[in-house]
Chemist: 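Below: one structure in structure tokens.
The basis for the numbers below is simple: all heavy atoms, side chains too, and nothing from hydrogens, waters or symmetry mates. Remember, predicted model here, so these are calculated numbers, not experimental data. As the structure lists them, so they are numbered: ligands from 1, and atoms in each ligand from 1.
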Amino acid sequence: MLALTNVGRTFGAKVALDDVSVRVDRGEFVCVVGASGSGKSTLLSIVAGLVAPTSGAVTLDGAPVVGPGPERGLVCQSGAVYPWRTVERNIAFGLELLGLSRAERKARIDWYLEETGLEPWRRSLPKQLSGGQRQRVAIARALACEPEVLLLDEPFGALDVQTKEDMQVFLRGVWRDTGTTVLMVTHDVEEAVFLGGQVVVLASDPGRVAADVVVDLPADRDLAVKRTREFLALRARVEDLVRTFHQRVSDRI
Ligand code: ADP
Ligand code: MG
């Protein structure tokens, strides 16, 4: 279980996060939504161990998070794949750091290429791929290290709507196949409700937990679920929460 307990973070006088507590059970898919500036990236960077909290703590299965570690794999919006490495060499990168044998590396690379549908592009360079495929490479590279938790910071934010929806279906499939715990932040409410089993709403200024919504949609979801009454009601509820907490901040300005 991943637990953030009373986490706070300030940058000078700016309170980016205030008293944030979030719990992600093993194998769950939790999405955090909030307006731009609500502290989503700060929250994820703290879990990744790249930013230290100024108060509170993060633990994974009871062990305190004090820095980056292979049990937490991070994928950010720009993907950040190595442009000079082929797809398979990008996936191999983390495995070399883990010190796996050549045979183990090959088995993992083959499996994750297949799982992410990248097998036909294994010898391609990132510049030969589309934006969506490059994000698949970034996700495959993180997954190949078999982290306990996959951390995603608006990974589909730069993609067009059709590609984004393909990637959402892809990510949901990968999550179901691998059983990896996922914590994803996004400003896209529809994306959060489609992907998550739980949606945490962040309020802005200071960034704090405004609401925690359970998504009681079928586990087996495809894009058609987005047109069901249950989905639309949940989406409207979360949108209202985001808007309400954004409104309160605007009222103060
Ligand atoms: P989000 O990802 O939701 O857009 P961020 O976590 O990036 O929000 O930022 C939350 C707030 O903290 C913003 O007001 C931002 O300007 C501030 N902030 C984030 N990182 C830093 C930093 N390294 N130095 C100063 N301010 C920062
Ligand atoms: Mg951000």
Side-chain angles (χ1 to χ4, degrees), residues 2-24 29-58 65-68 72-81 131-132 134-135 138-139 142 149-161 163-164 167-168 171 182-196 198-213 235 238-253:
L2 173 71
L4 289 85
T5 311
N6 310 118
V7 167
R9 171 72 209 200
T10 54
F11 294 102
K14 172 90 200 166
V15 183
L17 291 176
D18 180 39
D19 199 24
V20 170
S21 295
V22 175
R23 200 183 125 154
V24 186
F29 196 136
V30 173
C31 288
V32 176
V33 288
S36 177
S38 58
K40 300 183 299 295
S41 293
T42 303
L43 185 153
L44 216 61
S45 303
I46 289 173
V47 175
L50 301 172
V51 167
T54 32
S55 56
V58 179
V65 164
V66 290
R72 285 159 289 127
L74 178 66
V75 176
C76 50
Q77 182 170 347
S78 57
V81 292
R134 272 199 297 275
Q135 278 307 72
I139 292 171
V149 188
L150 184 64
L151 306 171
L152 303 163
D153 190 351
E154 312 219 28
F156 312 142
L159 304 176
D160 61 78
V161 175
T163 308
K164 182 194 268 213
M167 293 296 287
Q168 290 167 354
L171 180 60
V182 180
L183 178 60
M184 170 165 171
V185 308
T186 175
H187 65 268
D188 183 334
V189 171
E190 186 190 73
E191 175 165 274
V193 173
F194 178 68
L195 287 172
Q198 185 190 339
V199 176
V200 176
V201 179
L202 284 191
S204 312
D205 238 350
R208 62 203 187 280
V209 176
D212 204 334
V213 178
R235 175 183 161 175
V238 176
E239 275 169 355
D240 285 347
L241 283 162
V242 171
R243 197 172 298 120
T244 303
F245 283 91
H246 187 64
Q247 192 70 44
R248 281 188 205 160
V249 173
S250 314
D251 287 349
R252 274 192 265 128
I253 294 168

Chemist: Among all protein heavy atoms in this structure, tell me which lies nearest to atom 12 (O) of ligand 1, with the distance rounded to 0.1 Å.
Modeler: A16 CB, 3.5 Å
Chemist: Of all the heavy-atom pairs spanning D212 and Q198, show the shortest one and how long it is.
Modeler: OD1-NE2, 2.8 Å
Chemist: For atom 24 (N) of ligand 1, which protein heavy atom lies nearest, and how many Å away is it?
Modeler: F11 CD2, 3.5 Å
Chemist: Let's go through D188 and K164 carefully: what are the C-alpha distance in whole Å and the side-chain angles of both, what is the deciding distance for side-chain contact (heavy atoms from CB on, under 4.5 Å) to 0.1 Å, and is it a yes or a no?
Modeler: CA-CA 11 Å; D188 183 334; K164 182 194 268 213; 2.7 Å; yes
Chemist: N/O/S atom of T42 under 2.8 Å from the Mg ion (ligand 2), yes or no?
Modeler: no
Chemist: Which one of S36, G37, S38 has a non-hydrogen atom at the shortest distance from atom 13 (C) of ligand 1?
Modeler: G37
Chemist: Is there a protein heavy atom less than 4.0 Å away from atom 16 (O) of ligand 1?
Modeler: no
Chemist: Would you say R23 and T5 make side-chain contact, with heavy atoms under 4.5 Å?
Modeler: no
Chemist: Looking only at heavy atoms, which two atoms of A142 and V75 are closest? And how far apart?
Modeler: CB-CG2, 3.8 Å
Chemist: To check your reading of the model: name the closest protein heavy atom to atom 8 (O) of ligand 1, its residue, and the distance in Å.
Modeler: G39 N, 3.2 Å
Chemist: Using side chain to side chain contact (heavy atoms under 4.5 Å, CB included) as the criterion, point out the one residue from V30, L152, L150 that pairs with L183.
Modeler: V30
Chemist: Using a heavy-atom cut-off of under 4.0 Å, does the side chain or the backbone of K14 touch ligand 1, or both, or neither?
Modeler: side chain
Chemist: Give the contacting part of S45 toward ligand 1: side chain, backbone, both or neither, where contact means a heavy-atom distance below 4.0 Å.
Modeler: neither
Chemist: Return the closest protein heavy atom for atom 6 (O) of ligand 1 as residue, atom name and distance.
Modeler: T42 OG1, 2.5 Å
Chemist: Provide the number and element of each atom of ligand 1 under 4.0 Å from a heavy atom of A35.
Modeler: 3 (O)
Chemist: Which pair of non-hydrogen atoms, one from V7 and one from P53, has the smallest distance, and what is that distance?
Modeler: CG1-CB, 4.0 Å
Chemist: Does G34 have a non-hydrogen atom less than 4.0 Å from ligand 1?
Modeler: no
Chemist: Looking at every heavy atom in both L195 and F29, which two are closest together, and how far apart are they?
Modeler: O-CG, 3.5 Å
Chemist: Looking only at heavy atoms, which two atoms of V32 and K40 are closest? And how far apart?
Modeler: O-CD, 4.1 Å
Chemist: Is atom 27 (C) of ligand 1 near the protein, in the sense that some protein heavy atom lies at less than 4.0 Å from it?
Modeler: yes
Chemist: Report the residue from T186, T163, V161, L171 that forms a side chain to side chain contact (heavy atoms under 4.5 Å, CB included) with F156.
Modeler: L171
Chemist: Quick one: look up the protein heavy atom nearest atom 7 (O) of ligand 1 and list residue, atom name and how far away it is.
Modeler: S41 CB, 3.8 Å
